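None of the values given here were measured: they were computed from a predicted structure. Throughout, a chain's letter reflects where its sequence line sits, starting with A, and its residues are numbered from 1.
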Number of protein chains: 2
Amino acid sequence: MLSMRAKYALKALIYLAKVKDQGPVLIGDIAESQKLPRKFLEQILLEMKNLRILKSKQGKGGGYYLAKSPADIEMGRIVRVFNGPLALVPCVSVTAFEKCDECLDFDHCGIRRVMQKVRDVTAEILDGTTLEMLVNIEASESDADSMMYFI
Amino acid sequence: MLSMRAKYALKALIYLAKVKDQGPVLIGDIAESQKLPRKFLEQILLEMKNLRILKSKQGKGGGYYLAKSPADIEMGRIVRVFNGPLALVPCVSVTAFEKCDECLDFDHCGIRRVMQKVRDVTAEILDGTTLEMLVNIEASESDADSMMYFI
DNA sequence: AAGTAATCCTATAGAATTAATATGTTTTAG
DNA sequence: CTAAAACATATTAATTCTATAGGATTACTT
């Protein structure tokens, strides 16, 4: 399952994308409007700022806002940062590759080969979905309609 | 990431599928040949027996063996039992559906709609892969060859 | 019937991770 | 100068995960 941190990060980003022309947004506004725990969210936003996904303005009148266009922020990136590798086993991870301790025959491991496929399709979807698309998906009426965003 | 329990369960099953005509197999044999911690594996095998995935024979000359044909045991089942739901968020889980606490608008949630797609393709692969296929995949020489097992 | 080899069963320890809160520091507009 | 805001780090509490321990039960062999 996705960690709360990852989910909250995505929620906050989607919100920031929706109000992106209104200048800096207060942590408190994001937390309240999205029903997220304020201090926990604070950490998450800070981390995204350090990763240059967000920018911030300190002091009175300050807040957070997107560092780049919603079209340039991929869901995959956020999930990796806050939830860890997409791969279900380390031996098919691109960002955190590692052989399994108990591995007897890397080349012929069936688990690895299947999990490689799972990772690939997952990455295709998540890396292929931008914040901009997420906003559009939320604007579409039915699940069926939103499906056309996938290849 | 997949839990060790899930990985060990799969390893044990693949091994049992490979030697399936040789009668009951000792826990110790499985553990040693697959480099799995013996007592931990014991729990896992017992659980699979209670789920009717394995059968066992107690006492001298006893051991574990598959309760059904490798063609009838799907990877998805094992992952669900030992790792939990395939879904990354509870609101797209078939086996453990639950709305998110912080959910504001279920019908229009972009995260949910994308994660639904991820769950669906993952389930398609894992539920579409049987133990028998895993054994065949391990017998094929290149990763490319083994790819034809996927739809 | 005894002995032994095996699974069965449950408890528990220890480590790691996660979610969240707490507390204070720094920056900046007015 | 003050108040409002982000910045930064430490700590807690709960949960989960991996693994081990120790005995209870079952059944084959002699």
Let me spell it out: for each of A:G59 and B:L46, pick the nucleotide of DNA chain C with the closest heavy atom. Which residue's pick is nearer the 5' end?
B:L46
Taking for each residue the nucleotide of DNA chain C with the nearest heavy atom, is it A:K60 or A:S3 whose nucleotide lies nearer the 5' end?
A:S3
Separation of [N] [atom2] from [X] [atom1] (nearest whole Å):
X     : N      : atom1 : atom2 : value
B:D29 : C:dA5  : CG    : P     : 15 Å
B:Q43 : D:dC17 : CD    : P     : 13 Å
A:F40 : D:dT11 : CZ    : P     : 19 Å
A:K55 : D:dA6  : NZ    : P     : 17 Å
A:L36 : C:dT21 : CG    : P     : 12 Å
B:I44 : D:dC17 : CD1   : P     : 12 Å
B:E47 : C:dT7  : CD    : P     : 17 Å
A:K49 : C:dT27 : NZ    : P     : 11 Å

Is any side-chain heavy atom of B:R112 closer than 4.5 Å to one of B:F106?
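Side-chain contact under 4.5 Å: yes.
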Which is true for [X] with a 4.0 Å heavy-atom rule: it touches a base, it touches only sugar-phosphate, or it touches nothing?
X     : value
A:Y8  : sugar-phosphate
B:G63 : sugar-phosphate
A:L26 : sugar-phosphate
B:L45 : nothing

Candidates D:dA27, C:dT27, D:dT18 - which lies nearest the side chain of A:Q58:
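Within the option list, the nearest is C:dT27.
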Could you work out which one of D:dA8, D:dA27, D:dA19 sits closest to the side chain of B:M4?
D:dA19
Would you say the base of C:dT23 and the side-chain of A:K39 have a donor-acceptor pair closer than 3.5 Å?
yes
Is it true that [X] and [Y] make a salt bridge, defined as a side-chain N closer than 4.0 Å to a carboxylate O?
X      : Y     : answer
A:E138 : A:K18 : yes
A:R38  : A:D29 : no
B:E74  : B:R77 : no

Return yes when atom NZ of A:K35 has more than 12 non-hydrogen atoms of other residues, nucleotides or ligands closer than 6.0 Å, and no otherwise.
yes
Would you please confirm or rule out a distance under 4.0 Å between OP1 or OP2 of C:dA29 and any side-chain N or O of A:K57?
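Affirmative; the distance criterion is met.
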Looking at C:dA22, I'd like to know if its phosphate oxygens (OP1 or OP2) sit under 4.0 Å from a side-chain N or O belonging to A:R38.
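For C:dA22, neither OP1 nor OP2 has a side-chain N or O of A:R38 closer than 4.0 Å.
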